[in-house]
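The structure appears below as structure tokens.
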Amino acid sequence: MKQKLVCIFFIFLLLCSVKGCAMPDYISDKDKLNGSTLTDNDNFDNFIVVGYSQVGSESDWRSTNTDSFKQALTPQNNYYLIYEDAQQKQENQLKSVRNFILQEVDYIVLDPVVETGWDTVLSEAKAAGIPVIIVDRQVVVEDEDLYTCWIGSNFKKQSIKAGKWLENYLKKKGRSDEKINIVTIQGIPDSTAQIGRTNGFKKILSKNKNWNMLEYQNGEFTQAKGQEVMEYYLDTYEDIDVVVSENDNMTFGALKAIEAAQKTCGPDGDIIIISFDAVHAALQFMLDGKINVDFECNPMLGPIVKENIERLEKGKAVKKKQYVDEKYFDSTMDLEKILSERTY
Ligand code: AHR
């Protein structure tokens, strides 16, 4: 293993001298991991080297998700984590995975920004004998043996629950037969989170003939883009009853746009807000009466990946698809208590 780390270092010295580039993130991350410093005197023999290609840092959910890996795969736990932020670009992820292969890491953890386009690079990892663990979003590949397992959320189920929640909510308000105008702020197209959340809600939408989906627009999972899309919706449509926002950060942007347009939202307002992720800041907005309901997306995948690697290290099998547990929160619940107990 020590040889491998020395090799990593020399490959990057070489890359830097060829490209004249700055030192890559993960070389300096070596010294940043939980404040612990690796030195030449450390014994690397038992370290498990993990190359982790993360989607980006576009949302609160994403930051918590990254932290869960950095806190689980630590030098203290005998891991050396090489972290790469792809800035929501598949081309960056393809480069990272290829670099991980060159570095002969022990495992690759890939959170794929989109579902398609992975067959070649995953075949290269397989040919190099490196197990690949897919997390959060999924890949669609010809040969399912190209990766070891996938761990993440059931995005479709989250939004089926969202649609059913809306059916119930409107029923309680005596609005089941009213025409309900809906807009959707979508996540990055072709990402599992977008596909699942759009399609799950569509399932319930198709059963409610009085629900009118006015438009779908891409808000890229970011607050800035969510705000831009919501501004456009408010300029374009006079009567919006429901906003389905496919993540919390786009919802934060939408709330700003709604406020600027002097409209109201939440349980006592004009517009019903349905959101996904259920991060701390969103539940605070719910407590403040701005969001009606939020469907949790569990970001704590790092410790589950660690458990899987430990099984694999012992030669044990792991389940191919592993869904994490998820809840939902709405304004009828004891949000103060929930917020005080919630770790993310
Ligand atoms: O893939 C998970 C989604 O991606 C989360 O809902 C979102 O916040 C993130 O950007």
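Since the model is a prediction, treat every value here as computed from it, not as a measurement. Note that ligands are numbered from 1 as they come in the structure, with each ligand's atoms numbered from 1 the same way. Numbers here simply count residues along the sequence, with the first being 1.
The cationic atom of Arg342 (NZ for Lys, CZ for Arg) lies less than 6.0 Å from the six-membered ring centre of Tyr344 and within 45° of the ring axis. A cation-pi arrangement is not found for Lys126 relative to Tyr147, the charged atom failing to lie both closer than 6.0 Å to the ring centre and inside a 45° cone about the ring normal. A cation-pi contact links Lys70 to Tyr83, judged by a cut-off of 6.0 Å to the six-membered ring centre and 45° from its axis.
In this structure, atom 4 (O) of ligand 1 lies nearest to the protein heavy atom Arg137 NH2, 2.8 Å. Looking from atom 10 (O) of ligand 1 to the surrounding protein, the closest heavy atom is Glu58 OE2, 2.4 Å.
For the pair Trp61 and ligand 1, the shortest N or O to N or O distance does not fall below 3.5 Å.
Close contacts of ligand 1 with Phe221, meaning ligand atoms under 4.0 Å from a residue heavy atom, involve 10 (O). Each of the following atoms of ligand 1 lies closer than 4.0 Å to a heavy atom of Ser59: 7 (C), 8 (O), 9 (C), 10 (O). Counting atoms of ligand 1 from 1 in the listed order, those under 4.0 Å from a heavy atom of Asp136 are 1 (O), 2 (C).
Contacts classified as salt bridge (charged side-chain N to carboxylate O under 4.0 Å, His left out) and involving residues 236-256 (residues at least two apart or in different chains) are given here: Arg175-Asp241.
When non-hydrogen atoms are compared, ligand 1 lies under 4.0 Å from neither the backbone nor the side chain of Gln138.
Taking the six-membered ring for Trp and the full ring otherwise, Tyr80 and Phe47 have centroids separated by 6.0 Å or more. Aromatic pair Phe201/Trp211: ring centres closer than 6.0 Å.
Atom 6 (O) of ligand 1 has its nearest heavy-atom neighbour, among Ile188, Val279, Asn247, Asp277, in Asp277.
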